[in-house]
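Structure first, commentary second.
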Amino acid sequence: MSEIVLPNISEFIAQVSPLNTLPTSAQKTIASHLRIRYLATGETLPFDASEEERWLYVVRTGALEQRWRDGVLRARLGPEDLFGFTFLEGIPGNPEDCYNVTALQNTLLYQIPHSLLKTLLKTYPEYATHFSINAHERLGSAMNVVWSNDEKGLFVRKVSDVASDVISVVRADTTIQQTAWQMRGVDRCSTAVVMENDQIVGIITDRDMSLRVVAKGVDASRPVKDVMTPSPITIGPNELIMQAVALMMQHGIRGLPVVNNNRPVGLLTTSHLVQHHRVQAIFLIEKINHCNTVDELAALAVERQAVFEALVEGNLHSESTHLVMTMIMDACTRKLINLAIQHLGEPPCDYAWLVAGSHARNEVHMMSDQDSALVLADTATESDIIWFMHMAMYVSNGLDMCGYPLCTGNYMAVSRRWCQPVHVWQEYFKKWVRNPEYSQLLNATVFLETRALAGNAALCETVQQTLLDSIAQCPGFLHALTRDAVQTNPPLGIFNNLVLEKSGSDSKTLNIKRYALTLIIDLARIYGLAAGCSETRTEARFIAARDKGLLSPDSCTNIIDTFHFLTRQRLLHQCQQIRLGQPADNQINPQDFGSFERKHLKDAFRIISGLQDAAKLRFVKE
């Protein structure tokens with residue numbers, strides 16, 4: 001390599017991901033040993049079968065197009081993009097055997113010998129994942145850079161990391177007085193678990209002792225089972241703190257026995273949680289639960305935004321951020337339902353308030369709007385339905401005031417169409433599945449994931465089972481769903497100003513929801529339904545498909561890592577917009593990305609495209 005151009009090449013290498021992760025000495029070694037190749041517009045990268053060396057290619061200037069052997073677009077590449085990872089692990093062949101590379105413009109390439117890279121990665125094995133043949137490993141290395149384990153905070157820690165290992169355990173026939181002595185005099189614990197025949201049958205707290213025993217003058221010689229709370233909510237030691245917090249908020253309890261194999265091993269209380277950092281969401285949910293008016297609830301929107309910013313800037317995993325934001329939306333919705341009942345009186349019949357969309361999937365972010373429905377008991381009369389529509393109006397308007405916009409498609413419980421008895425919902429699902437025309441398919445996809453938030457959850461389970469049974473009997477629905485889902489392709493050519501849209505500022509941006517995240521969510525629906533899975537979470541649906549043999553373990557890992565990576569990019573984008581005082585949206589600007597993010601985005605788009613092709617082959621019958 002000429003000594004004249006070497007400094008310029010070294011400077012370029014130092015800013016190209018993942019080469020810039022290597023030590024400076026390794027970067028200089030690469031710069032001094034690489035080759036330079038020029039391709040004119042329309043020229044294809046030549047392949048010399050007699051050449052023993054393979055190469056990792058870096059685009060210095062220009063643009064390239066990769067197409068599979070059948071002509072399907074794989075990706076378009078620009079300056080600072082890399083290709084040729086495949087053969088770093090000694091797989092026979094050449095990139096041209098898998099895809100063809102053609103110059104779209106006059107292009108200058110740097111060729112780095114694989115043999116040199118392998119030698120360097122043996123010297124510096126900690127950097128090997130950055131150059132892995134597996135895209136999901138490269139995505140994983142990207143996410144590990146974005147958030148480290150030390151910065152994940154309380155919410156992604158296990159219950160056993162925070163909970164006390166002290167809890168009182170008594171038999172059901174133990175007297176109240178003996179139980180109180182065990183709790184305070186022996187174990188110095190605020191809670192006792194009540195056992196009978198080696199099974200947990202109840203729980204009692206020091207607060208229960210005050211309210212149920214002392215305040216009511218109950219004879220302390222009576223057995224503790226007379227005043228305990230039966231069938232208590234418990235948590236396992238390996239569950240995440242977020243799951244524990246969700247249970248506490250949902251059931252209005254301040255302590256959870258930690259149980260392992262039906263044996264009490266500890267106690268988790270709210271006091272344990274407030275001793276740790278990053279619990280703003282817990283305090284906010286407490287405030288929500290104590291609001292007495294819609295105006296008080298709406299005033300907390302500013303704190304919700306602050307929690308979102310803290311979670312994103314605190315480098316929390318996107319799944320945990322979504323879960324926290326979902327818990328806050330759950331709490332707001334439940335509080336508004338309770339306020340509506342206080343205002344209107346008791347519900348005239350059994351009901352279930354359902355949430356759908358991102359809310360049902362536990363994937364709430366700062367742009368999530370309302371998707372809801374009401375399932376009523378089959379005994380509901382016309383006047384009962386009118387009562388519930390008034391309740392839905394109260395709740396929907398309240399959520400809008402709290403910063404959760406009304407659904408533009410009107411998929412809300414306030415619409416008469418989505419406030420119906422069980423048998424009507426069952427007929428809806430049967431009709432939609434039997435006749436998957438566009439409008440029916442749209443209705444079905446909106447309600448393919450639902451979750452009961454208030455009322456009788458059994459009503460929700462009944463209509464969900466009808467949906468699953470109908471799909472099992474009508475395979476044509478899955479075919480139609482797949483055809484619809486694969487009509488939109490991920491933006492393989494994004495950074496050459498293709499598939500970009502003009503935003504309000506007239507700059508070209510990519511809608512990351514439409515061209516990436518929605519595609520993954522649609523695929524998760526398809527594979528989850530094919531697996532007979534009733535789960536609503538995107539990741540859980542892919543795992544269910546893997547367990548049923550519909551997805552290979554590698555494909556499952558690839559798409560889940562891709563989903564987490566892309567959701568992280570959207571959360572970062574929304575957080576940045578909020579910081580700048582702008583309304584949050586899904587329109588990311590490619591010009592804001594460096595080579596690091598760009599490479600991983602392209603890996604992500606290729607993974608989505610590959611799974612779309614696989615779904616088409618498996619589920620679409622021509």
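Just the heavy atoms: all of them, side chains too, but no hydrogens, waters or symmetry mates, feed the values below.
Within the 4.5 Å cutoff, side-chain heavy atoms of L77 are placed close to those of K602. At a threshold of 4.5 Å between non-hydrogen side-chain atoms, the residues L611 and L551 count as touching. By the 4.5 Å heavy-atom criterion applied to side chains, I288 and I328 are counted as neighbours. Considering only heavy atoms from C-beta on, L109 comes within 4.5 Å of L45 through its side chain. Taking 4.5 Å as the limit, every side-chain heavy atom of D369 sits out of range of all side-chain heavy atoms of Y404. Contact check for P491 versus Y515: side-chain heavy atoms found under the 4.5 Å cut-off. In this structure, T450 and T536 have side chains that are not in contact, with every pair of non-hydrogen atoms separated by 4.5 Å or more. Residues I13 and N20 have side chains not in contact (no heavy-atom distance under 4.5 Å, counting atoms from C-beta outward).
Residues forming a side chain to side chain contact (heavy atoms under 4.5 Å, CB included) with A413 (at least two apart in sequence, or on another chain): W353, S372, L374, A392. Qualifying side chain to side chain donor-acceptor pair (under 3.5 Å) partners for H322, counting only residues two or more places apart in sequence or in other chains: none. Considering only residues two or more places apart in sequence or on other chains, T61 meets the side chain to side chain contact (heavy atoms under 4.5 Å, CB included) condition with L108. For D585, the salt bridge (Lys or Arg N to Asp or Glu O under 4.0 Å) test picks out no residue, with sequence neighbours left out. Listed by chain and number, the residues in a side chain to side chain donor-acceptor pair (under 3.5 Å) with R546 amount to none (sequence neighbours excluded). Scored by the side chain to side chain donor-acceptor pair (under 3.5 Å) test, Q27 finds no partners at all (sequence neighbours excluded). By the side chain to side chain contact (heavy atoms under 4.5 Å, CB included) test, V486 is found to be paired with T482, Q612, K616, residues two or more places apart in sequence or in another chain being considered. Scanning for ring-ring contact (aromatic ring centres under 6.0 Å, His included) contacts around F12 gives Y110, with sequence neighbours left out. Qualifying side chain to side chain donor-acceptor pair (under 3.5 Å) partners for S555, counting only residues two or more places apart in sequence or in other chains: S552. The salt bridge (Lys or Arg N to Asp or Glu O under 4.0 Å) check on R537 picks up E319, E535, with sequence neighbours excluded. With sequence neighbours excluded, the residues forming a side chain to side chain contact (heavy atoms under 4.5 Å, CB included) with Q487 are D484, listed by chain and number.
Looking at every heavy atom in both residues, F83 comes nearest to V59 through CE2-CG2, 4.5 Å. Minimum interatomic distance between L22 and A26 (heavy atoms only, all atoms of both residues): CB-CB, 4.1 Å. Minimum interatomic distance between L64 and A103 (heavy atoms only, all atoms of both residues): CD2-CA, 3.7 Å.
Residue Q574 holds its CD atom at 11.5 Å from CD of Q587, rounded to the nearest 0.5 Å. In this structure, the separation between CZ on R60 and CG on D81 is 14.0 Å, given to the nearest 0.5 Å. Taking CD of Q111 as the start and OH of Y57 as the end, the distance is 4.5 Å to the nearest 0.5 Å. Here the CG atom belonging to L550 is positioned 11.0 Å from the SG atom belonging to C533, to the nearest 0.5 angstrom. A distance of 9.5 Å separates CG of L529 from CZ of F619, quoted to the nearest 0.5 Å. For the atom pair R35 CZ and W55 CH2, the distance stands at 3.5 Å (nearest 0.5 Å).
At a threshold of 4.0 Å, the pair R67-E65 counts as salt-bridged, since one of the basic side-chain nitrogens sits closer than that to a carboxylate oxygen.
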Quiz item: Does the pair R570 and N586 meet the rule for a side-chain hydrogen bond (donor to acceptor under 3.5 Å, both in side chains), with working shown?
Solution: CA-CA 7 Å; R570 175 165 70 175; N586 291 302; 3.2 Å; yes

Quiz item: Stepwise, does the side-chain hydrogen bond (donor to acceptor under 3.5 Å, both in side chains) test hold for S358 with E363?
Solution: CA-CA 5 Å; S358 61; E363 294 167 7; over 6 Å; no

Quiz item: What do the steps show when you test D330 against H359 for side-chain hydrogen bond (donor to acceptor under 3.5 Å, both in side chains), and what is the final call?
Solution: CA-CA 8 Å; D330 283 357; H359 195 178; 2.6 Å; yes

Quiz item: Checking side-chain hydrogen bond (donor to acceptor under 3.5 Å, both in side chains) for the pair T41/N106: CA distance, chi angles, key distance, verdict?
Solution: CA-CA 5 Å; T41 302; N106 294 337; 3.1 Å; yes

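Identified under the salt bridge (charged side-chain N to carboxylate O under 4.0 Å, His left out) test for residues 518-531, with sequence neighbours left out: E449-R525, D522-R525.
Remark: K335 NZ is packed, more than 12 non-hydrogen atoms of other residues, nucleotides or ligands lying under 6.0 Å away.
Looking only at atom types and distance, the side chain of Q577 has a donor-acceptor partner in the side chain of H573 under 3.5 Å away.
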